[in-house]
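Ligands are counted one by one from 1 in listed order, and the atoms in each one are counted from 1 as well. Residue indices begin at 1 and follow the sequence shown.
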Amino acid sequence: MDANETIVFFNGELRPESQVGISIRDRGYLLGDAVFDATRTFNGAPFKLREHIHRLYDSLRYLRIDPGMDMDEMERWSLEVVKHNHPLLPSGQDMWVMQRISRGVDATGPNDRPGPTVLIESHAIPFARRAPLYRDGVRVITPSVPRIPPRFQSPRAKTHNYLNLVLGDLEAQATDPDSWAVLLDESGNLTEGRGSNIFLVKDGEVCTPRGQFVLEGITRGIVLDLATGLDLPVAEKDLDLFDAYTADEAFLTSTSLCICPVSAVNGATVGNGKVPGPVTQRLMSAFSDLAGMDYVAQYLSHLP
Ligand code: PLP
């Protein structure tokens, strides 16, 4: 294996990334019948990998896919992929390591491989593209397309079926190409975006939509814990556009963004417009301490 080429774990073995071929009849490709999870590294060390793998196995159970290996093995192979691939990044960069498991192909012929398709891959986080968000804040737009109700398909499972969120992004970005969509539910409550949870801060209280209606982000959980540790009141509750327009501060959370301030919702400035607001700033600093590096400085170092 060429030590300078990125490797992946694919169906039981490590291989160069260029030598992976997924069947054109794989159900992950045909139907979105697959799950995934994504962990980020800080200085090359995966952060909260075990928690992400735990969530991955919950998503697998929801879709009744047996990956054919236990969590320990999934973790070990994920660490192998990171160990090989992180040194190939330019210095100062970090990456996602992602596990993707589909139900595989509906075996019809003698050459069809039965069982799930298991892939563990890594790729660089787009720091340069996102760096301005830490200087200017995220502009959030709530598109007209509602988030799929949990009784149709639970948002708590991280599946390959992201079309609902993609449609939201398309609509938001047609209005403002640099905006981030956060979808409302059918009752007009905030839910989440394609890859992020949302928080509002009002009169010192740190609030986020209830866990039943969103993917329970690992970062979302960390922020709730950090806020509690900072003696800030926290609440998981229904939040609508009134709450968003009257919030003092708002921010998005995700594995790669960590905590990123929001400057506007549907064109309405959040709070006094200065980002990050004081509570968000405290949480961002606490997050950096926990991660063991100043992640905001890492993003900002990629500004032109
Ligand atoms: N919501 C959705 C739909 C996501 O895909 C993600 C990303 O994983 C999140 C929220 C944020 O979750 P986390 O903090 O675990 O990255």
Are any of the side-chain nitrogens in [X] or [Y] under 4.0 Å away from the carboxylate oxygens of its partner?
X    : Y    : result
E249 : R282 : no
D178 : R130 : no
R27  : D106 : yes

Are the side chains of F47 and T255 in touch, meaning some heavy atoms are under 4.5 Å apart? no

What is the ring orientation for H123 with W96, classed by angle as parallel under 30°, tilted 30 to 60°, or perpendicular over 60°?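 Rings of H123 and W96: tilted, as their planes differ by 30° to 60°.
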
First-shell residues of ligand 1 [heavy atom, distance under 4.0 Å]: H52, R55, K158, Y162, L165, E192, G193, G195, S196, N197, L215, G217, I218, T219, S254, T255

Cation over ring face, R40 and F42, 6.0 Å, 45°: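 So R40 does make the cation-pi contact.
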
